[in-house]
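Proteins come first, then strands; the chains are lettered A, B, ... in the order of their sequence lines, and each starts at number 1. Quick caveat: nothing in here was measured; it's all calculated off a predicted structure.
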Number of protein chains: 2
Amino acid sequence: MALGTGYDQQGCYLARALEVVGERWTLLILRDFFFGVRRFTDLRDHLDISRAVLTARLDGLVADGVLTRTTLDGHPEYLLTEAGRALWPVVFSLARWGEQHVGARHPARVFSHADCGTDVDALGRCPACGTVPGPEDLVVRPGTGANPMRRDDRVARALERPHRLLTRLELAAV
Amino acid sequence: MALGTGYDQQGCYLARALEVVGERWTLLILRDFFFGVRRFTDLRDHLDISRAVLTARLDGLVADGVLTRTTLDGHPEYLLTEAGRALWPVVFSLARWGEQHVGARHPARVFSHADCGTDVDALGRCPACGTVPGPEDLVVRPGTGANPMRRDDRVARALERPHRLLTRLELAAV
DNA sequence: ACTGCCGGTCTGTTCACCGGACCATGGTCG
DNA sequence: CGACCATGGTCCGGTGAACAGACCGGCAGT
């Protein structure tokens with residue numbers, strides 16, 4: 001979003017939430033974590049974000065309890081915490097709004113309920129089951145709106161195949 | 001949020017949405033519009049935002065089709081457009097996350113379905129009706145978590161009484 | 001020992017936000 | 001009719017964040 005931390009004095013919890021996820025890049029970073037990205041370099045390739053800012057955001061998100069940082073195979077690995085996974089409705093509703101109100105009519109990505117294969121509606125509900133599946137029960141796949149602006153990096157290519165959210169994204173070499 | 005416009009190259013519509021509502025202050029301004037605030041000075045009193053930035057945000061939101069600007073009684077009046085009202089799930093889910101993950105356990109504000117009086121759940125559903133009411137069908141009232149940080153301005157005082165979203169907030173003189 | 005990858009840090013420039021002064025319009029009151 | 005004041009801005013100098021790009025330390029492979 002866009003702050004420098006400091007919506008002082010605002011009693012409203014919206015302001016507190018924005019202090020955590022309101023800075024520039026933060027929600028795009030979190031989206032990538034839902035998609036299964038877990039490493040520094042993959043985020044950098046996908047987002048074209050400055051290294052310094054990415055470092056600052058990851059450190060901040062870890063400090064705020066949204067991510068954990070562990071080490072795997074000698075490299076840092078970042079994972080969403082429970083609080084981080086609870087941000088899914090925020091990411092989903094913003095992306096949906098963007099599709100419907102600033103983009104084309106066709107969605108760039110479609111989410112379906114893994115249990116039954118039905119696509120979820122604009123509010124995230126599974127029409128077949130009547131539930132609102134959490135991100136762990138969703139599968140993403142590219143939508144009908146082939147986006148001419150689509151990026152070409154390892155992460156973007158990996159997302160051309162259907163992928164279950166929160167599971168590690170397998171990035172093809174080269 | 002926190003950008004200066006320019007998540008260039010990002011095909012994802014989340015990035016497009018963030019170009020519109022991702023800058024600092026924007027979502028807090030929109031929250032106030034849902035609460036029924038419609039005028040420059042009231043926003044300024046409630047948010048402690050610089051005049052220049054508030055002007056820039058309002059102009060930007062009008063340009064992006066989220067607000068309309070009309071004149072009433074010789075003063076500008078800003079109203080949410082259909083696209084603006086469609087942002088309710090974003091504002092709601094962020095505020096809810098803030099309550100549950102960075103604040104106390106008790107909500108600062110509670111939303112209930114105007115048709116039946118039932119409080120909506122964490123995903124915005126009315127448990128009695130089984131629907132997800134839009135903002136026009138919701139009533140806000142202060143929650144049980146009396147917030148010690150609560151502000152004291154005309155807008156905050158007006159919100160101490162239950163109020164239907166999107167209807168004009170009556171601001172007591174002085 | 002050399003090379004390359006990964007995950008950073010450091011630096012200088014640009015740009016947005018901040019607080020506060022200033023200003024134009026329109027209504028009110030004596 | 002003139003003074004005053006509320007509203008809704010604009011303008012300006014200072015500060016802090018983000019950007020692009022250079023640099024660097026640890027580790028793996030060969």
Nucleotide [N], atom [atom2] - distance to [atom1] of [X] in whole Å:
X        : N      : atom1 : atom2 : answer
A:Arg154 : C:dC6  : CZ    : C1'   : 11 Å
B:Asp48  : C:dG20 : CG    : C1'   : 14 Å
B:Arg44  : C:dC17 : CZ    : P     : 15 Å
A:Leu72  : C:dG7  : CG    : P     : 11 Å
B:Asp59  : C:dC17 : CG    : P     : 13 Å
A:His75  : C:dG8  : NE2   : P     : 11 Å
A:Arg51  : D:dA22 : CZ    : C1'   : 11 Å
A:Glu23  : C:dA16 : CD    : P     : 17 Å

Distance criterion of 3.5 Å, no angle test: do you see the side chain of A:Arg39 paired donor-to-acceptor with the base of C:dG7?
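Under the 3.5 Å cut-off, the side chain and the base do not form any donor-acceptor pair.
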
Would you call B:Arg125 and A:Val132 a side-chain contact if the rule is heavy atoms closer than 4.5 Å?
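Side-chain contact under 4.5 Å: yes.
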
For [N], does either OP1 or OP2 sit under 4.0 Å from a side-chain N or O belonging to [X]?
X       : N      : result
B:Ser50 : C:dC17 : no
A:Arg57 : D:dA18 : yes
A:Trp25 : D:dA17 : no
A:Thr41 : C:dC6  : no
A:Arg24 : D:dC19 : yes
A:Thr55 : C:dT9  : yes
B:Arg69 : D:dG9  : yes

Can you tell me if B:Tyr78 and B:Arg38 form a side-chain donor-acceptor pair at under 3.5 Å?
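Per modelled atom types, B:Tyr78 and B:Arg38 side chains form no pair under 3.5 Å.
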
Checking all strands, does B:Ala52 fall into the base, sugar-phosphate, or nothing category for heavy-atom contacts under 4.0 angstrom?
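B:Ala52: base contact, heavy atoms under 4.0 Å.
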
Looking only at heavy atoms, what is the nearest atom pair of A:Arg85 and A:Pro135, with distance?
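What the structure gives for the nearest pair is O-CG, 4.1 Å.
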
Under a 4.0 Å N-O cut-off, is there an ion pair linking A:Arg39 with A:Asp45?
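Answer for the salt bridge query: no.
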
Tell me if the aromatic rings of A:Phe33 and A:Trp88 count as close, with their centers under 6.0 Å from one another.
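Centroid distance A:Phe33-A:Trp88: not below 6.0 Å, so no.
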
Among D:dA22, C:dC18, D:dG8, which is the nearest nucleotide to the side chain of B:Val53?
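So the side chain of B:Val53 is nearest to C:dC18.
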
